[in-house]
Amino acid sequence: MSFSQIGRSVAESATLKLNETAAILRSKGEPVIHLGGGEPKSMPPIDAIVTASLLLSTGEVRYTPADGIPALKKAVIRYTEEFYQRRVEPENVICSGGAKQAIMVALQAILNPQEEVVYPAPYWVSYPEMAKLCGAVGVPVHAEDGSFYPRLQDIEQKVGPYTKAVIINSPNNPTGAMYPESFIAEIVQFCEQKDLYLIMDDIYHRLIFDGRKPINCYRYAKDLSENSKLVVVNGVSKQYAMTGFRLGWAVANKKLIRVMTNIQSHQTSGPSAVVQHAAVGALMGVQSGVESLRQTLENNRNVLLARLEAFNGVKVKAPDGTFYCFADFSAYDKNSQRLAQRLLDKVRVLVMPGIEFGLDGHLRISFCGTVKDITEGIERMKWVLDPDAPNELYLGTRKLVRDW
Ligand SMILES: Cc1ncc(COP(=O)(O)O)c(C=O)c1O
């Protein structure tokens with residue numbers, strides 16, 4: 001059978017494969033602990049459910065404008081004013097099927113085949129594949145000092161004649177690192193000077209800890225006219241615990257938004273009407289759920305850190321935000337794929353191999369689940385890896401005895 005070059009180039013996701021294996025194990029009654037997920041477990045805002053239900057109850061669920069209904073654009077404009085102190089017009093906004101689609105159509109609007117998009121590593125798993133879907137090339141940038149915090153010099157070294165865009169995701173999936181404000185200022189100015197598109201993937205910008213405040217990239221832009229190549233992406237998935245609704249957006253110059261809309265109109269005709277109404281409810285309704293989610297995540301992070309710090313051989317950097325911790329397990333196994341598989345096989349704990357995010361020897365551990373799952377999950381991992389752990393472990397009523 002023959003497939004397109006692009007179709008063949010897009011990698012199978014080891015993350016999804018592990019998820020599938022875990023789901024199969026669970027369906028067989030295995031006590032799987034899922035520390036691999038990327039979604040908060042709290043309820044979506046009641047306002048989101050009410051507004052979506054109201055539309056459904058009318059039965060009038062029709063096509064919408066491909067770039068979003070006016071009420072949702074208005075809500076995004078309000079959000080942009082509140083969090084970025086920037087006033088934009090409806091033509092500066094596109095609503096998409098998740099932040100994922102907003103980034104995808106932005107890249108499709110920007111990149112020609114063979115052109116390059118640069119992003120810091122470790123990176124979100126979808127960036128390289130999205131670049132491939134455009135026939136373009138993703139260029140990861142590892143910080144020279146080995147940290148999770150890139151410096152401008154690191155990025156500069158990878159920018160060349162084919163570079164068209166830079167993506168910055170802060171706080172970052174998978175590391176939880178929130179880049180310093182000085183770095184955001186530098187990268188905004190650098191991209192302006194080099195005439196590069198800068199996509200700010202701000203999907204986790206309100207889920208930050210230790211008293212940090214969201215960073216407003218527009219503060220550092222000299223050019224805020226319609227020539228600006230700054231694209232700010234956000235969505236309801238993470239902050240409002242609405243992952244399955246599929247709604248995100250981008251704010252950018254009007255010409256780019258028009259091209260993105262043309263693309264999106266032929267791909268999906270825009271996001272579902274029901275979901276757009278839900279997002280209006282989330283954005284315009286009671287906001288207390290976001291702060292309470294943030295607090296829960298900060299508490300979960302602290303629990304996870306305490307457990308990991310008591311784990312000899314694991315090197316860990318406290319996440320500044322998100323709900324991911326990217327811990328160095330290379331003392332146990334430098335091959336993160338093999339290690340993740342071993343943890344699933346031996347003790348039914350699912351974590352994500354760092355290689356998927358561009359850095360082997362690490363595991364991404366999510367702390368968006370329950371404290372019980374976090375503590376028990378780490379205890380099980382310790383049992384597999386730590387030679388000082390007791391010889392036996394109970395998974396529910398099943399007794400495991402170490403045989404290695
Ligand atoms: C860094 C990053 N950007 C974008 C997304 C996509 O979010 P959405 O659910 O809005 O498509 C995710 C989801 O995991 C993410 O981690």
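Since we're looking at a predicted model, the values are computed, not measured. Remember, it's 1-based here, ligands and their atoms both numbered in the order they're listed. The first residue in the sequence is number 1, and the count goes up from there. As a basis for the values below, the full set of heavy atoms in this structure was taken, side chains included, without hydrogen atoms, waters or symmetry mates.
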For atom 3 (N) of ligand 1, closest protein heavy-atom neighbour =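 Here the closest protein heavy atom is Asp201 OD2, 2.6 Å.
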
Report, in ascending order of atom number, the atoms of ligand 1 lying under 4.0 Å from any heavy atom of [X].
X: Lys238; value: 12 (C), 13 (C), 14 (O)
X: Asn169; value: 1 (C)
X: Tyr204; value: 1 (C), 14 (O), 15 (C), 16 (O)

Look at ligand 1 and say whether [X] reaches it with a heavy atom at a distance under 4.0 Å.
X: Ala99; value: yes
X: Gly248; value: no
X: Arg246; value: yes

Flag the pair Lys132 and Glu129 as a salt bridge only when some basic side-chain nitrogen lies within less than 4.0 angstrom of an acidic carboxylate oxygen.
->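 Yes, charged N to carboxylate O under 4.0 Å.
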
Between Arg348 and Glu30, is the closest basic N to carboxylate O distance under 4.0 Å?
->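 Looking at Arg348 together with Glu30, the answer is yes, because their closest N to O distance falls below 4.0 Å.
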
Please indicate whether any nitrogen or oxygen in Gln101 is less than 3.5 Å from any nitrogen or oxygen in ligand 1.
->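 No.
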
Is there a nitrogen or oxygen of Thr243 sitting under 3.5 Å from a nitrogen or oxygen of ligand 1?
->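 Checking ligand 1 against Thr243, no N or O pair falls under 3.5 Å apart.
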
What residue among Leu363, Val349, Leu350 forms side-chain contact (heavy atoms from CB on, under 4.5 Å) with Leu35?
->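 Answer after filtering Leu363, Val349, Leu350: Val349.
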
Tyr123 and Tyr119: aromatic ring centres closer than 6.0 Å?
->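 Between Tyr119 and Tyr123, which both carry aromatic rings, the centre distance is below 6.0 Å.
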
Do Tyr204 and Tyr324 have their ring centres less than 6.0 Å from each other?
->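 Close enough - the centres of the two rings lie under 6.0 Å apart.
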
Is the number of heavy atoms from other residues, nucleotides or ligands within 6.0 Å of NZ (Lys100) greater than 12?
->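 No, not enclosed.
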
Out of Tyr123, Trp124, Tyr127, whose heavy atom sits nearest atom 15 (C) of ligand 1?
->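 Residue with the shortest heavy-atom distance to the ligand atom: Trp124.
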
Say whether Glu226 and Asn92, considering side chains only, have a donor N or O and an acceptor N or O under 3.5 Å apart.
->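 Result is yes, a qualifying pair exists.
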
